[in-house]
Q: 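Input: one structure, supplied below.
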Amino acid sequence: MQHTPDLGKNSLGKPDPWAKFRGLAWWHLVLSLLPIPLLPIGGAIGGAIGAAAIYVNLSLARKSFGTRAKALAMLGVTLASYLVCFLVVAFAQNLLHG
């Protein structure tokens, strides 16, 4: 029986923070990381929304959809994350500055 390596751990047995990115095609990585600019745009709110969008995109990248459906789903998540971030920031700014 063949032993498959645990991608969640490195050679020292410590958690590998890059395990979710390993083995993906280049376009999966590009589409997964498109929400990164939300961090400087929205601060902590943008960072939280962007991190959630990256996590969802990485999980979509590992699904067995067709290429077109997967790309459209990942772009949809990215666009939705930007829209949600701008709406939440605008709402918070409206509450604070009346």
Q: If every non-hydrogen atom of Ala61 is compared with every non-hydrogen atom of Leu24, which pair is closest and at what distance?
A: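 Residues Ala61 and Leu24, closest heavy atoms: CB-CD2, 4.0 Å.
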Q: Roughly how far, to the nearest 0.5 Å, is CD1 of Ile45 from CZ of Phe86?
A: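 Reported value, rounded in 0.5 Å steps: 12.5 Å.
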Q: Minimum heavy-atom separation for Pro35 to Gly50, with atom names?
A: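 Closest approach of Pro35 to Gly50: CB-O, 3.8 Å.
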Q: With rounding to the nearest 0.5 Å, note down the distance linking CG in Leu75 to CG in Leu72.
A: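 Separation between the atoms: 6.5 Å.
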Q: Count I, L, V, M, F, W, Y as connected when their side-chain heavy atoms are under 4.5 Å apart, and connections chain through other members. Are Val56 and Val84 then in the same cluster?
A: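 Different hydrophobic clusters.
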Q: Quick check on the hydrophobic clustering: are Leu38 and Leu83 connected, directly or via other members, by side-chain heavy-atom contacts under 4.5 Å?
A: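 Not linked; separate clusters.
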Q: Atom CG in Leu33, atom CG in Leu58: separation rounded to 0.5 Å?
A: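 These two atoms lie 7.0 Å from each other.
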Q: When rounded to the nearest 0.5 angstrom, what distance separates CZ in Phe91 from CG in Asn94?
A: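 Here the rounded value is 7.5 Å.
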Q: As an exercise, state the distance from OH of Tyr55 to CG of Leu60, rounded to the nearest 0.5 Å.
A: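 If we round to the nearest 0.5 Å, Tyr55:OH and Leu60:CG are 11.0 Å apart.
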Q: Any idea which heavy atoms bring Ala53 and Val77 closest together, and the distance?
A: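 Taking Ala53 first and Val77 second, the nearest heavy atoms are O-CG1, 3.8 Å.
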Q: Taking all heavy atoms of Thr78 and all of Leu31, pick out the closest pair and write down the distance.
A: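 That would be OG1-O, 3.7 Å.
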Q: Rounded to the nearest 0.5 Å, what's the gap from CD1 on Ile49 to OH on Tyr82? Could you check?
A: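 Answer rounded to 0.5 Å: 11.5 Å.
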Q: Mark yes or no for whether Lys70, through its side chain, and Lys63, through its backbone, hold a donor-acceptor pair below 3.5 Å.
A: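 Judged by distance alone, yes, a pair lies under 3.5 Å.
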Q: If hydrophobic clusters are built from ILVMFWY residues whose side chains come within less than 4.5 Å, do Leu34 and Trp26 share one?
A: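 Yes; Trp26 is reachable from Leu34 via cluster members.
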